[in-house]
Amino acid sequence: MNPHWIHLGQGRGDYLVEFVSVGAGRGAYADTAATDGGHFYHFMGTSLGSYAPGRSLPSPNDRRLVDVGGSARLFQAIRLEAEGARSGLDRNALSSLDDGDNAGNAVRLGASLDPRPLSIGGRGLGSLRASGSFRSRDDRFTTMDRLDPVFENERWNQAGGTGGERRGEFALQYDPGSNLSLHGGLGKRDLTGGSSSLRRALAADVRGALAGAVRWEGSRNSLGQESGLRDRFDLDLARTRGFVTPRVRVLDERVVHQEGDSIPERRSREWNLGTGVAPARQVALRASYGERLDRRANAALDWTRTRAATWEAGLSARSRASLSVEMGWTRRRVSDSGGIQASDLAQMALLAGAPGSAFTSELRYDATQLREPRVIRRVVPVDSGTGSYDAFGNPRYRGDYQVVTETGAAVPRTRANVQLRLDAFPGRSATAAPSPSFWRAWGGTTFLRLETYSTLALGDPRNAIDPRHYLDASATIRGNVSARQSLEYAPRGARFDLRAEGGFRRDRTGEFENLRVVRDAHDGTLRVRNPMWGGTRLTTSATVDGSTEDSRRTDTGARFGSRIRGRGLDLELARPLNAAWSVSLIGRGRQDRDRSRGGTQEVLAAGPSARCASGGKLRLDGRALWAHTSQRGVYQPGQYFIPPYLGNHLDYDFLGDYRLRDQVSLSLSWNGQLAAGRTAVYTGRFELRSYF
């Protein structure tokens, strides 16, 4: 026997087990996911998985850093700087072994010359400035944060590392006028292990109606008997003013024997031509086309070529503060030895209605096409009782099915999001008249959101304009669409208000090759608030909803279906005690009916509640409800669901939030359930948040 943990489903087990990645072939569990999106781990066998029960506990380390520096000015033109640092790093504070090499040293020297005017015979020739620096650190010196910028090693054509370094750099800048700057630089860098590199750079920056830069930089590196080089030329010029603003960019780069790179030689050449057009002051159009050619050589100097072409177009328009439009479209076409691949990126944002106006709207669209490895998942039958799933991909103890996952070649995938929002509140407008009006008492919000992950190229205009493609049954891997509509009536000066809201949501899952799952849900709520005696207010909410689940095996024709219809009534009688505190009594009743199997579930609950909202900083909300849950017949709202506790029970929850400052807040939540003959169940959470 080999005892192991078995996942029974969310809320069905008696233990909560954490798993940690230990590497392929060193664990006994593998991670997977059910059709409802739940993530869990299942037993594979000794040394057949990548995860093991437990928690990663890294050994504590001890870091120290002492830094001393100073600066001085000479002759009102030269600035000198000096800095010395000593670090200490004990990678295992629990052990005193190997503590003799914890300390490291570093030093930095710098000098800079402020801009000095040049002239001959009283005629100005511009200004000159210069700077120089020297830095040294040994192998054991460590910092609290990153010391060099990202990709710093590529500038020197050396490999990344954390060893010692000696570096000296000198830079010179000459400004003949306000619109032109000329730069030159020279540097040398030596690393522990014998690597050495000499780097040179030249550049010219242009400002004004024609702006941009021309840059060249080159480095020569050596390590032992092997040497390499890196040359890069970059030109970027654009017209910044006028009706038409063209732009040109050229890039040429050659890299030979970069240390740590398995490719002996790489060459890249890129060019891009674009233009912008401004037919009006608040309208701008843009378009560009560019190509890039990459060549890589192997040890035998056989070259692999990749050519990429990119088209881009966009529109930006604004009309004061009431209308703005942002649109963009990009297509990239890549050809190599494996064929031709195309990807699209489309974006749109349309905002209408000024802040505080009676009507506002928002439309956003975003589609991104990527190339990702194809993941093929199938539910396959195994010997009875030896699997971990049921026929529809849900975790099942001693199930008759197993999930098989394969990874294939990279294929195009599209992630798309669409969001539409319309708000109409005439009574809230800053220009609304103070006198009562029938139409100003109404308000409403329309909301629609769609998210999908599909095999279709939804950024392609041929697919983007057809709504049926976004949740296509054969192309959708994961997707959902939700729509909500609310309507409010709050007459000014009246003693009541009402709100009606309805919504619909569809979830489609096609992650399994031989399984398709569709879930639909709809709901509607009518809420009425009106004052009662003694300063109390009664809130009445009536709800009707329903859900449908359809799981279908495409290979065997097996099918699971469920239709649930529910209705509920909530009553809350609230009374304020003072400006901060209020108390209320809550009564709830709900009935859900399984239309597929004839069973029902009923819940009755009642209890007190208290709220506190003080000064915009403190918020407290607590309640305790006695509840009774009962079921009759066969009630199964889904293929796999968490069954509730039947009978009498006490449900309680508490929520507290305190904002110390605008950047710091504390929050505490606690909820639980008490029932006779059952261990108490509770969940707590504490958070400290800070914003910078």
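Any value given below was found using the heavy atoms of this structure, including those in side chains, with hydrogens, waters and symmetry copies removed.
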Exercise. Taking everything shown except Arg567 itself, do over 12 heavy atoms lie less than 6.0 Å from its CZ?
Worked result: no
For this session: Find out whether Thr629 and Tyr645 are in side-chain contact, i.e. whether some heavy atom of one side chain is under 4.5 Å from a heavy atom of the other.
Result: no
Problem set entry | Parallel, tilted or perpendicular: rings of Tyr365 and Tyr470 (30°, 60°) | perpendicular
Problem set entry | Over 12 foreign heavy atoms within 6.0 Å of CZ, Arg590 | yes
Exercise. How are the rings of His628 and Trp626 set to each other: parallel, tilted or perpendicular (split at 30° and 60°)?
Worked result: parallel
Exercise. In terms of heavy-atom contacts, does OH of Tyr682 have more than 12 from other residues, nucleotides or ligands at under 6.0 Å?
Worked result: no
Seminar exercise, completed: OG1 of Thr330 to CD of Gln369, rounded to nearest 0.5 Å, is 12.0 Å
Exercise. Between CZ of Phe447 and OG of Ser482, what distance do you get to the nearest 0.5 Å?
Worked result: 6.0 Å
For this session: Report yes if the side chains of Leu65 and Arg63 come closer than 4.5 Å at any heavy-atom pair, otherwise no.
Result: no
Exercise. Between Leu604 and Gly589, what is the shortest heavy-atom contact and its length?
Worked result: CD2-CA, 3.9 Å
Problem set entry | Interatomic distance, Asp592 atom CG to Gln601 atom CD [nearest 0.5 angstrom] | 6.0 Å
Exercise. Do the ring planes of Tyr29 and Phe43 sit parallel (below 30°), tilted (30 to 60°) or perpendicular (above 60°)?
Worked result: perpendicular
Problem set entry | His649 and Asp651: side chain donor to acceptor below 3.5 Å | yes
For this session: Could you check if a side-chain atom of Thr539 sits within less than 4.5 angstrom of a side-chain atom of Ser541, using non-hydrogen atoms only?
Result: yes
For this session: Mind listing the closest non-hydrogen atom pair of Ala346 and Trp329 along with its distance?
Result: CB-CD1, 4.3 Å
For this session: Report yes if some heavy atom in the side chain of Thr452 is under 4.5 Å from a heavy atom in the side chain of Leu450; otherwise report no.
Result: yes
For this session: Applying salt bridge (charged side-chain N to carboxylate O under 4.0 Å, His left out), run through Arg64 and Asp62 and close with a yes or a no.
Result: CA-CA 7 Å; Arg64 301 180 183 181; Asp62 184 13; 3.4 Å; yes
Problem set entry | Salt-bridge contact Asp423-Arg421 (side-chain N to carboxylate O under 4.0 Å) | yes
Exercise. Got a donor-acceptor contact below 3.5 angstrom from the Arg508 side chain to the Thr476 backbone?
Worked result: no
Problem set entry | Least distance between heavy atoms, Leu448 atom then Ala483 atom | CD1-CB, 3.9 Å
For this session: Check whether any side-chain heavy atom of Leu569 sits under 4.5 Å from a side-chain heavy atom of Thr540, and report yes or no.
Result: yes
Exercise. For Arg678, does the CZ atom have more than 12 heavy-atom neighbours from other residues, nucleotides or ligands under 6.0 Å away?
Worked result: yes
Problem set entry | side-chain hydrogen bond (donor to acceptor under 3.5 Å, both in side chains) partners of Glu501, counting only residues at least two apart | Arg484, Arg499
Problem set entry | Verdict with reasoning, Arg619 to Asp657, per salt bridge (charged side-chain N to carboxylate O under 4.0 Å, His left out) | CA-CA 5 Å; Arg619 183 171 66 96; Asp657 185 271; 5.1 Å; no
For this session: Please confirm whether the backbone N or O of Phe496 pairs with a side-chain atom of Asn530, one donor and one acceptor, at under 3.5 Å?
Result: no
Exercise. Can you tell if the side chain of Asn417 reaches within under 4.5 Å of the side chain of Gln419, non-hydrogen atoms only?
Worked result: no
For this session: Would you sort out whether Leu538 and Val528 count as a side-chain contact (heavy atoms from CB on, under 4.5 Å), showing the intermediate values?
Result: CA-CA 8 Å; Leu538 177 65; Val528 180; over 6 Å; no
Problem set entry | Side-chain heavy atoms of Tyr401 within contact of Phe392, under 4.5 Å | no
Exercise. More than 12 foreign heavy atoms under 6.0 Å from CZ of Arg597: is that the case here?
Worked result: yes
For this session: Assess whether salt bridge (charged side-chain N to carboxylate O under 4.0 Å, His left out) is satisfied between Arg505 and Asp507, documenting all intermediate values.
Result: CA-CA 7 Å; Arg505 179 183 175 95; Asp507 292 89; 2.8 Å; yes
Exercise. Side-chain donor-acceptor pair under 3.5 Å between Thr143 and Asp145, yes or no?
Worked result: no
For this session: Show your reasoning for whether side-chain contact (heavy atoms from CB on, under 4.5 Å) applies to Ile477 and Thr455.
Result: CA-CA 7 Å; Ile477 301 175; Thr455 61; 4.1 Å; yes
Exercise. After noting the C-alpha distance and the side-chain angles of Phe512 and Val517, does the key distance pass the side-chain contact (heavy atoms from CB on, under 4.5 Å) rule?
Worked result: CA-CA 9 Å; Phe512 290 83; Val517 181; over 6 Å; no
For this session: Kindly determine whether Thr360 and Phe425 satisfy side-chain contact (heavy atoms from CB on, under 4.5 Å), including the steps that lead there.
Result: CA-CA 9 Å; Thr360 59; Phe425 292 94; over 6 Å; no
Problem set entry | Main-chain N/O of Thr445 paired to Gln485 side chain as donor or acceptor, under 3.5 Å | yes
Exercise. Nearest 0.5 Å, what's the OG-CZ distance between Ser584 and Arg623?
Worked result: 9.5 Å
Seminar exercise, completed: Correct closest heavy-atom pair for Leu458 and Ser454 would be CD1-CB, 4.2 Å
Exercise. How long is the span from the OG atom in Ser667 to the CD atom in Glu687, to the nearest 0.5 Å?
Worked result: 4.0 Å
Exercise. Is any side-chain heavy atom of Glu572 less than 4.5 Å from a side-chain heavy atom of Asp570?
Worked result: no
For this session: Could you tell me whether Asp550 and Arg552 make a salt bridge, using a distance below 4.0 angstrom between a side-chain N and a carboxylate O?
Result: no
For this session: Check each of Phe40, Phe19, Tyr41 against Tyr51 using the ring pair (Phe, Tyr, Trp, His ring centres under 6.0 Å) test, and report the only one that passes.
Result: Tyr41
Exercise. How far apart are the closest heavy atoms of Gly535 and Pro576, and which atoms are they?
Worked result: O-CD, 3.6 Å
Problem set entry | Rounded distance (nearest 0.5 Å) linking atom CD of Gln282 with atom OG of Ser319 | 6.5 Å
Problem set entry | Side chain Arg55, main chain Glu18, donor-acceptor under 3.5 Å | no
Exercise. Looking only at heavy atoms, what is the nearest atom pair of Pro491 and Ala441, with distance?
Worked result: CA-CB, 3.7 Å
